Each structure stands twice: as structure tokens, then as C-alpha cells.
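Worksheet for the structure shown next.
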Amino acid sequence: MLSKEQYLGAVAERIQRSGGRLNTVQIGPSAAVVGLFTESVMMSTMNYCVVAAAIPEVTAPALYDFTGLATQHARANVMGTVGWTAASVVIAGLIGDRVYPDAAQAASAKSGNQFGGETRMVAVDVSAAQMYAFVGGKLWGAAVQGSVNAKLTFCFPQPAEVYQQVQWQQSQGQQPPMPQGHQPPPGQQPPPGWQPQHPPQPQYPVGPPPAQGPPPGQHPPHYPPPAPGYPPHQRPPGY
């Protein structure tokens, strides 16, 4: 079964892979993984703050408290003036062995409109292999909403996907290391029946194609001299 720590490690790995600045910050009673991103979307600066922590059980009050503290941390690290030239997007997720129904409902509810910002809550139940979050559209800011949804679903994947990745990584630890250049791209699972490939054997350099002409060791064909007579470019005397 997938553990909370394994899922949290996958979140941290995805934050780093997507170019975020990864840190570990104390958010309330938990040591949280924090990823900060700054991107440009529709002539505006988008400040993303992805915060995740693992706790035994996720309740709605715990999720609300954690999200509030994560928002305070995000606003303290925002770049630009929020609301005019920048937006602050906070994606706060709690990972637990159990997610109570009230927490699942709170995370899945449509987020409210905010001036210069957006807040999304995520609840991950590793025992039930469920991820609860609002991933939908709104009537305003379609480009921004698409960017937020993409960031949320990438940093908080489905638990089944993380479990497969952990199983594959563990199986790879029992096999010879794969040569460089033959590893599957990060975040992608190898196809069924995939086996490590051996590095290609070195090949001798191939030069340019030979110039057109007779094969080596042979001379060009020898034509006999022209028959006696007047050369074609001369006229006979008295003509």
C-alpha cells in the first residue's frame, strides 16, 4: 500500500521537475513541502505556492487551517503587486491515511472568486487511493483557470499513478542500472514488458559516398584514335 511519505515525496519530486523552488517549511504542526513558481500568463505574473503535508487523518477543520497558514506563507513570498500586475495562487494539500467526508467535500467544492488570487484545497486519501480537489472551469479567467488546473493535477497526481511509479522504481533497484539515454522520461511509466536496453555498440564512422568514377584499381576506358580524314573543325582545300 502507498504510504503518506511516499506520496509526499512524489509531490516534492514533481515540484522540482517542473522548475519550482522547493523548500521545507513548518506550517502549523506539520513540516510541509513548499514549492514556489513564478510564471507569466496573459501578460500577468502568476505566483504559485504549492504546499503539501502528511498527517494521519484529514478533516475539514484541519484542511481549512492548513490552507489559511499556507496562504499567509504564499502572500509573504509573492512577487509583484497582487491584483494589478500579479496573481497569487495557493494550492494546499493534506495527505492522510484517511480523509473524512467533510474534508473530501470541502476540497471538491468550487473555489470562490478572489481579487488577484485563487486558492485550491486538496485532500489525498492513500488508503482509499483517492484525490479530492476542484478541477474545473469558471466563467472568468479561462486561461488562468487552465493553468491552475494543470499545476494542481501535475503536482498532486492520482495515488494509483504514484503507487505504480513507486513499484517500478523499487523493481528497478533489483536490476542492473540502465545505461544513460535508455531511461524512460521522468513521470512516465515504462510500457508493459519493457526491459532495460543495452547501449548500442560503437560503429565505425561512415565517410561521404565515393565520387562518381571508375572503381579503384581500374583505368578509364581507352578509345581508339579517330579514323584518318579531315578533322571535323577543318575544311578541305579548295572548298
Side-chain angles (χ1 to χ4, degrees), residues 1-18 20-37 48-74 89-112 118-136 148-174 184 186-190 192:
M1 186 181 69
L2 182 69
S3 68
K4 304 185 299 293
E5 291 73 21
Q6 289 173 330
Y7 189 95
L8 188 63
V11 173
E13 187 266 339
R14 292 196 169 209
I15 289 174
Q16 280 189 313
R17 196 196 319 161
S18 56
R21 301 183 299 276
L22 181 65
N23 295 292
T24 301
V25 180
Q26 191 72 21
I27 303 292
S30 305
V33 169
V34 178
L36 298 176
F37 305 82
Y48 287 97
C49 183
V50 178
V51 188
I55 62 175
E57 297 180 336
V58 182
T59 62
L63 186 60
Y64 282 119
D65 291 344
F66 181 77
T67 303
L69 295 174
T71 303
Q72 294 179 9
H73 178 79
V89 179
V90 179
I91 303 175
L94 282 179
I95 307 149
D97 294 319
R98 179 183 179 186
V99 173
Y100 284 86
D102 59 347
Q105 182 177 2
S108 304
K110 186 175 182 178
S111 58
E118 176 89 5
T119 302
R120 298 284 184 91
M121 296 189 296
V122 183
V124 180
D125 190 327
V126 294
S127 298
Q130 293 289 333
M131 188 272 287
Y132 304 95
F134 170 73
V135 183
V148 174
N149 292 340
K151 187 70 67 178
L152 187 152
T153 54
F154 181 79
C155 293
F156 289 93
Q158 292 294 331
E161 180 182 349
V162 178
Y163 180 74
Q164 291 178 358
Q165 181 179 352
V166 170
Q167 291 294 309
W168 178 72
Q169 290 174 345
Q170 291 177 351
S171 67
Q172 292 305 299
Q174 302 173 4
Q188 297 185 9
Q189 301 304 321

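The structure presented is a predicted model; accordingly, all values stated were derived computationally and were not measured.
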Rounded distance [0.5 Å steps], [atom1] in [X] versus [atom2] in [Y]:
{"X": "Glu161", "Y": "Thr153", "atom1": "CD", "atom2": "OG1", "answer": "9.5 Å"}
{"X": "Gln167", "Y": "Leu2", "atom1": "CD", "atom2": "CG", "answer": "9.0 Å"}
{"X": "Lys151", "Y": "Glu118", "atom1": "NZ", "atom2": "CD", "answer": "14.5 Å"}
{"X": "Leu22", "Y": "Arg17", "atom1": "CG", "atom2": "CZ", "answer": "13.0 Å"}
{"X": "Leu152", "Y": "Ile91", "atom1": "CG", "atom2": "CD1", "answer": "4.5 Å"}

Of all the heavy-atom pairs spanning [X] and [Y], show the shortest one and how long it is.
{"X": "Met1", "Y": "Val126", "value": "CG-O, 4.4 Å"}
{"X": "Ala70", "Y": "Ala92", "value": "CB-CB, 4.1 Å"}
{"X": "Val99", "Y": "Ala104", "value": "CG1-N, 3.8 Å"}
{"X": "Val135", "Y": "Arg120", "value": "CA-NH1, 4.2 Å"}
{"X": "Phe134", "Y": "Ser108", "value": "CB-O, 3.8 Å"}
{"X": "Tyr64", "Y": "Ala106", "value": "OH-CB, 3.6 Å"}

Just to verify, what does [X] make a side chain to side chain contact (heavy atoms under 4.5 Å, CB included) with, not counting sequence neighbours?
{"X": "Ala52", "result": "Leu8, Val11, Ile95, Phe156"}
{"X": "Ala129", "result": "Pro159"}
{"X": "Pro61", "result": "Thr59, Asp102"}
{"X": "Thr71", "result": "Thr67, Arg75, Val90, Thr119"}

Where the side chain of Ser30 meets the backbone of Ile27, is there a donor-acceptor pair that is under 3.5 Å apart?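 Side chain of Ser30 to backbone of Ile27: no pair is present.
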Keeping the roles fixed (side chain from Gln105, backbone from Ala107), state whether a donor-acceptor pair exists under 3.5 Å.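 No; judged by distance alone, with no hydrogens or angles, the pair does not exist.
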Start with the C-alpha distance between Phe66 and Val51, add both sets of side-chain angles, then the distance that settles side chain to side chain contact (heavy atoms under 4.5 Å, CB included), and finish with yes or no. CA-CA 9 Å; Phe66 181 77; Val51 188; 3.5 Å; yes
Listed once per pair and sorted, the side chain to side chain donor-acceptor pair (under 3.5 Å) pairs that draw on residues 121-134, sequence neighbours left out: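 Every candidate side chain to side chain donor-acceptor pair (under 3.5 Å) pair involving residues 121-134 fails, so no pair, neighbours aside, qualifies.
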Is there any side chain to side chain donor-acceptor pair (under 3.5 Å) pair reaching into residues 2-11, and which pairs are they, with sequence neighbours excluded?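 Residue pairs passing side chain to side chain donor-acceptor pair (under 3.5 Å), neighbours aside: Ser3-Gln6, Lys4-Asp97.
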Tell me every residue that passes side chain to side chain donor-acceptor pair (under 3.5 Å) with Tyr100, counting only those two or more places apart in sequence or in another chain.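 For Tyr100 the side chain to side chain donor-acceptor pair (under 3.5 Å) partners, ignoring immediate neighbours, are Glu57, Arg98.
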